[in-house]
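Protein chains get the first letters and strands the later ones, always in sequence-line order, with residue 1 at the start of each.
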There are 2 protein chains.
Amino acid sequence: MPETMENGFQVAVDTVIFTLVDRDLKICLTRRDHEPFVGNWSLPGCLLRLDESLDSAAQRQIEDTLHISKAYLQQLYTFGDPERDPRRRVVSVAYFALVSKDRLTPTSLKDTSGSPSWHSVYALPPLAFDHAEILNYALTRLRYKIEYSAVAFELLPEEFTLRELQDAYMVILNDHKLDKANFRKKIREANIVEPVSRYRETGGRPAKLFRFRDDAQLETKARRFFP
Amino acid sequence: MPETMENGFQVAVDTVIFTLVDRDLKICLTRRDHEPFVGNWSLPGCLLRLDESLDSAAQRQIEDTLHISKAYLQQLYTFGDPERDPRRRVVSVAYFALVSKDRLTPTSLKDTSGSPSWHSVYALPPLAFDHAEILNYALTRLRYKIEYSAVAFELLPEEFTLRELQDAYMVILNDHKLDKANFRKKIREANIVEPVSRYRETGGRPAKLFRFRDDAQLETKARRFFP
DNA sequence: TCAAAAGTGTTCAGCTTACACCCATGA
DNA sequence: TCATGGGTGTAAGCTGAACACTTTTGA
C-alpha cells in the first residue's frame, strides 16, 4: 500500500454495452464533441467521482446514456498506459454491460448517426483513444464467458424461444454452425430454462417460449457449454 | 471519456506473488510500519507514478520487493471502494505474479517473521485493508487459469519431474486425488513438455526430468486440462 | 399438400476415469 | 529381496458431433 504522496490521477470508467438486434451483436457508441478526436466515435465513459465505487460509476454511466437501471455489469480490465490520452494521465477501468433490446427505446436502435447509437461489432467505425483495444478485449471476454456461464440470457427478452437462444450464441461466437439438436440437449440438461405456456408464431410450427430459471446455476465452474 | 476536471485519485498497484515451496502454495507479504494497520501484514504494493504503465509499476514492485526481474505477471481486478483506505481515496489495481522458488534467495523462504516473508495460502495471518479479498480473488483466478493454460510452469524450476508438476497442480487446486496415469497422459498429449537427458534422484526409481517447450501452446482456448 | 420451422432420437468416435500392473533404484 | 516411487496399458462408461427423422403450423 502507498505511503508516499504523489500527484493525483484521473480515473475514468468506460463501458462496452452490448445488445442483440436482428441477429446482430451491437455496441453503444457516443460521438465526441470535444478535442481530442472530435467527431469520432468512442465508448460511453465518465470520470469516477470521489465518493462512488467503480461499479456505481459504471452503473451511473449506463443510466445517463440509456436511461436504464440495473444493467448486467462486469469489470473487465484497467487500461493505464501513460500515452492513452494525449491531454493528461487517465487510468480507465473498462466494464462490459449486457442489455436486452426490449429495455431500449425502439427509435434509438435504428439510426447509427445519433449519439448515442448502436453499431454492429462486425462493422465498426474507427474509435477514439484505445477504445478499439478495449472493445476487442470485451468481445473476447464475452465470447469466453458465454461458454461457461449463462449470461446470454441478459441479452434476451424475458421470454424467448430456444431458436432465439441459439441465434444469440451463434451471433456472439460468430459461428453459425451449431447443431440444433445438440444445442437443445445441452440447454435441457443444464436445467437453466423453464417453459412458459405461451408460444411464438414463426414461419412454421409455433415455437415454445421459455424463461430463465431464477434458481438456476449461473456459472458452470470448469464445465463449458460448448467445446 | 472524461471532459470535466475532477479531483485526482491515488492509484496503487498491489501484487499477489505466488510461489511453490515444499508442496505448499505461498504468497509474499510485507509488514506495515505505518498507520493504518501498523504491524499487520499486507500485500506488496506501491503508488503508480505519473510516467509509468500499470504493468511497469507491478514489475517495479516485484523488483523492489524480491530483486527479481521479468516475473510472470497478470492484471487481476481493480478495487475502488471509497472506504477501502481509511485515510484517503485510493484505487488499487491488483496483479498476480508467479515466481519459481529457485529465483528466490533461499534464506528468505524460511522464516515467516521478516518483511517481506512467505506465508502459506492455507494458513494466512489477518491482512490489512481489503487485501484478504484481493488474495481470495487472486487464488480463484489462479486455480481457474491453470485449468486451461500452462501457467503452472512459471512456478516450477527450469527442469522438473512429472510428479513435481502434478504436485503443483494438486497443491494449487487443493485437490490431492488426481490420478497419476491420467495426469501424465494429458500432459503428454498436450505436447507442452519435452524430456531432457537428466534424471532426478528420488526415494525409488529416478525420475526423468522435463522442461517446458518454448514453442508450446500456452493457452488451450476452451479446452481445459482437468474437468 | 407443400414449405418452413420446431422439435427429437440414435449412432459412433473419442475422451475420461478408474485401476491394475510393471520398472528401476537404494538399502 | 523388499520398499519406494516412477512409469504405462486397458476396459467401462460417458460425452459430443453428426445426421436423420417426426411434428405442427400457414399458405
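- Between the CZ atom of A:R198 and the C1' atom of D:dT25 there is a distance of 19 Å, rounded to whole Å.
- The interatomic distance linking A:L178 (CG) with D:dG16 (C1') rounds to 13 Å, in whole Å.
- Closest contact between the side chain of A:A181 and the listed nucleotides C:dA6, D:dT24, D:dC19 involves D:dC19.
- In this entry the distance linking CZ of B:R188 with C1' of D:dG6 reads 13 Å, nearest Å.
- Checked by distance alone, A:K186 brings no side-chain donor or acceptor within 3.5 Å of a matching partner on the base of D:dG16.
- Side-chain proximity of B:R163 to the nucleotides C:dG7, D:dA18, D:dG6 is greatest for D:dG6.
- Distance CD (A:E164) to C1' (C:dA6): 12 Å, rounded to an integer number of Å.
- As judged by a 4.0 angstrom heavy-atom cut-off over every strand, A:A207 is placed among residues touching the sugar-phosphate backbone only.
- Relative orientation of the A:Y148 and B:Y144 rings is tilted, given thresholds of 30° and 60° on the angle between their planes.
- Taking the six-membered ring where the residue is Trp, A:F96 and A:Y72 present tilted rings, their angle falling between 30° and 60°.
- The base of D:dA17 does not come close enough to the side chain of A:D179 for any donor and acceptor atom to sit less than 3.5 Å apart.
- Listed here is the closest heavy atom pair of A:T19 and A:K101: OG1-N, 3.4 Å.
- Base engagement by B:R184 is indicated by at least one non-hydrogen atom pair under 4.0 Å involving a base atom.
- Both B:T202 and A:G203 lie near DNA chain C, and the one whose nearest nucleotide falls closer to the 5' end is A:G203.
- Using a 4.5 Å cut-off on side-chain heavy atoms (C-beta onward), A:N182 and A:K185 make contact.
- If you check D:dG7, D:dA17, C:dA5 against the side chain of A:K185, the one that comes closest is D:dA17.
- Separating the NZ atom of B:K177 from the P atom of C:dA18 is a distance of 10 Å, rounded to the nearest angstrom.
- Taking atom CG of B:L162 as the reference point, atom P of C:dC23 lies 19 Å away to the nearest angstrom.
- To the nearest 0.5 Å, the span separating CG on A:L155 from CG on A:L142 amounts to 7.0 Å.
- Counting non-hydrogen atoms under 4.0 angstrom, B:K208 reaches the backbone sugars and phosphates but no base.
- In this structure, A:F183 places its CZ atom 14 Å from C1' of C:dA6, rounding to the nearest Å.
- The interatomic distance linking A:R200 (CZ) with D:dT24 (P) rounds to 21 Å, in whole Å.
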